[in-house]
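Quick notes on the structure that follows.
To find a chain, count down the sequence lines: A is the first, B the second, and so on, and within it residues start at 1.
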Amino acid sequence: MKLITAIVKPFKVDDVKAALKEAGVQGMTVSEVQGFGRQGGHTEVYRGAEYTVDFVPKARVEVVVDVADAERLAEVILEAARTGKIGDGKVWITDVDRLWRIRTGERDRDAV
Amino acid sequence: MDSGDTAWVLISTALVLFMTPGLAFFYGGMVRAKHLLGMLMQNFFAMGLLAVLWVLIGFTLAFGNTGDGGFIGNLDFLGFRDVSGAVGGGGGFLAELTIPFVLFAAYQMTFAIITPALITGATADRLKFSAYATFIGLWLVLVYAPVAHWVFAGGWLAEMGALDFAGGAVVHINAGAAALALVLVLGRRKGWPDELMAPHSLPWTLIGTGILWFGWAGFNAGSALAANGVAAQALLNTFVAASAAMLGWLVAERAKDGHATTLGGASGAVAGLVAITPCAGFVGSMPAILIGATAGVVCFLALSLKRRFRFDDSLDVIAVHLVGGLVGSLLLGLFADAQVNEAVAEEGLLVGGGAGLLADQAVAALATLAFSFVVSLVIAKVIDVTLGLRITEEQEERGMDLALHAESAYAFGDFG
């Protein structure tokens, strides 16, 4: 099994979700995160003064998939999350040793 | 005794008291979440400490020997001695009031509570609670009571001819000057001015603004100390000045910074309420709009002072209360109108009077500013070298809520 992790723009989460469902994915986890990349934060104005805020709000999407599907689904996320502008985020794939479904005790590929 | 007058001042007393929790939330929304309870506590605590001190010593120092043209009251009313439910009992105008003496004293108590609380916006996120409690207690006795005597109790400024309907000098210039002195001794918040310290909940600030606006009806119209035409004019003036100031602030903000912000709308309304305070029962409706609009623009522009001169007036108490109080006190010298209120002995420059009132207003404003600034500076210095004014850097990082009060404002987690 593989874990696909994607850091995307928050307003792109719905598009990513729809695209993954379309591609056959049955579950995913989303969390609100903050960070910076080459974009280097953003500016906010308060009481007329401009400030640089290092950490920009992003969404983290995580989905565990079968080895055979990993590459294809990462591509699906890339397509869905891309705006072409700075700050679009990243996608990466990592190995997953073991997987259980808690309710049934199913393991590995059966639990995907 | 007049039952109508008494009923209105009873209600006004409750209205003004309600402004202090309103102020708590006005400021509370503007601080970061980890400091919210620290801010709320300072404001609520003012209702605890200062009400008691007012009965014990504050009232007599402010209103003892009313009408003497002097500097401070005597001790005739120590512990509210002879302050009863009957009409009359004090000197000067107090003898002619149509409301119970104890009601007048209670009404004034609510002013004595909110005035020191105004300072908390300037010292946000770093003033030690024990130091705050000590400061406002001493300040009530050493600064507020004398200045109230000068202006509200027929002291030297009133005798000179200066006018202050509900506290432009006594409340706003006074608190604003004290705030400036205190932040100079206290120093800046860690990270200011480079770090963005954005308000954590502007909805709180807007609710607080609404409560302040509502309560200000009691503050200004109640200061007529009667249910009459002057009170009604003061009420209308209070409302339209806040409205015009909000418009003035937002137009200026939009033009300079590109957006009309909710914080700007709230700050503008409060700036208008501040500026109309000295004028409320002395001017007509159109001047009230002009005074409000002027305050909205001028106070907005005054925001930049703290960055230019590098003092961390965290929530803009100086730009709104000191500057707004000065705007109102001085403009009264232009617009005071004997047709609105027969107590206006010398009319404003634009209403047909000479420049005499304007000069008196300037003297009253500067005297209040200078006295409050100097005495506040001394009190702050003394507390700093004895108790210490500031929380530690670690406490500041952790937040006032947990570090000083062992509580959190928001416990939203689902994990028990």
Side-chain angles (χ1 to χ4, degrees), chain A residues 3 5-14 16-17 20 26-64 83 85-90 96 98-105 111, chain B residues 29-32 121-122 124 188-189 191-202 205 249-268 270-271 297 299-320 412-414:
Chain A
L3 168 66
T5 305
I7 305 294
V8 303
K9 289 182 168 171
F11 74 91
K12 276 294 188 182
V13 167
D14 276 347
V16 170
K17 179 189 71 181
L20 285 174
Q26 288 182 317
M28 60 190 279
T29 303
V30 181
S31 38
E32 292 176 18
V33 295
Q34 296 176 305
F36 64 89
R38 286 191 297 177
Q39 183 184 4
H42 67 127
T43 55
E44 278 186 32
V45 176
Y46 170 51
R47 288 284 207 214
E50 213 168 82
Y51 295 88
T52 303
V53 178
D54 285 338
F55 297 114
V56 184
K58 296 285 173 191
R60 179 174 58 202
V61 177
E62 289 166 306
V63 49
V64 179
T83 67
K85 299 204 187 80
I86 194 161
D88 268 354
K90 285 190 169 55
V96 174
R98 302 274 174 75
L99 182 68
W100 286 267
R101 174 170 283 117
I102 292 177
R103 179 173 58 83
T104 58
Chain B
M30 283 190 249
V31 300
R32 288 161 291 168
R188 309 164 186 173
R189 283 169 294 175
W192 190 87
D194 302 321
E195 240 175 69
L196 171 65
M197 299 178 181
H200 90 283
S201 173
L202 287 170
T205 297
W249 184 298
L250 290 176
V251 167
E253 186 181 42
R254 175 78 196 261
K256 182 164 171 281
D257 299 335
H259 300 278
T261 65
T262 53
L263 180 59
S267 308
V270 173
V297 174
C299 292
F300 169 72
L301 295 174
L303 289 180
S304 61
L305 290 174
K306 67 175 180 183
R307 298 182 73 82
R308 179 166 310 165
F309 296 104
R310 314 284 283 180
F311 60 89
D312 183 10
D313 171 18
S314 309
L315 312 180
D316 302 301
V317 176
I318 288 143
V320 173
F412 286 151
D414 285 334

Extract the chain A to chain B donor-acceptor pairs under 3.5 Å, no hydrogen or angle test applied.
unit_1, atom_1, unit_2, atom_2, d
R47(A), NE, D316(B), OD2, 2.8
R47(A), NH1, S267(B), OG, 3.0
R47(A), NH2, S267(B), OG, 3.2
R47(A), NH2, D316(B), OD2, 3.3
Y51(A), OH, R307(B), NH1, 3.1

Checklist line | Contacts of F412(B) that satisfy ring-ring contact (aromatic ring centres under 6.0 Å, His included) - sequence neighbours left out | finding: Y410(B)

Note to self: List the residues meeting ring-ring contact (aromatic ring centres under 6.0 Å, His included) with F55(A), not counting sequence neighbours, and say none if there are none.
What the structure shows: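 F55(A) satisfies ring-ring contact (aromatic ring centres under 6.0 Å, His included) with F36(A) once adjacent residues are dropped.
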
Next item on the list: With a 4.5 angstrom heavy-atom cut-off, could you sort out which part of L303(B) is near chain A: side chain, backbone, both or neither?
Entry: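 Contact with chain A: side chain only.
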
Note to self: Going by the rule side chain to side chain contact (heavy atoms under 4.5 Å, CB included), which residues pair with K12(A) if we only count those two or more places apart in sequence or in a different chain?
What the structure shows: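 K12(A): side chain to side chain contact (heavy atoms under 4.5 Å, CB included) contacts with K9(A), D15(A), T83(A).
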
Notebook entry, point to check: Under the 3.5 angstrom rule, does the side chain of K58(A) hit a backbone N or O of G87(A) as a donor-acceptor pair?
Noted result: yes

Next item on the list: Nearest 0.5 Å please: distance from the CZ atom of F300(B) over to the CG atom of L250(B).
Entry: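 The distance works out to 9.5 Å.
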
Next item on the list: Could you check if a side-chain atom of L3(A) sits within less than 4.5 angstrom of a side-chain atom of E62(A), using non-hydrogen atoms only?
Entry: yes

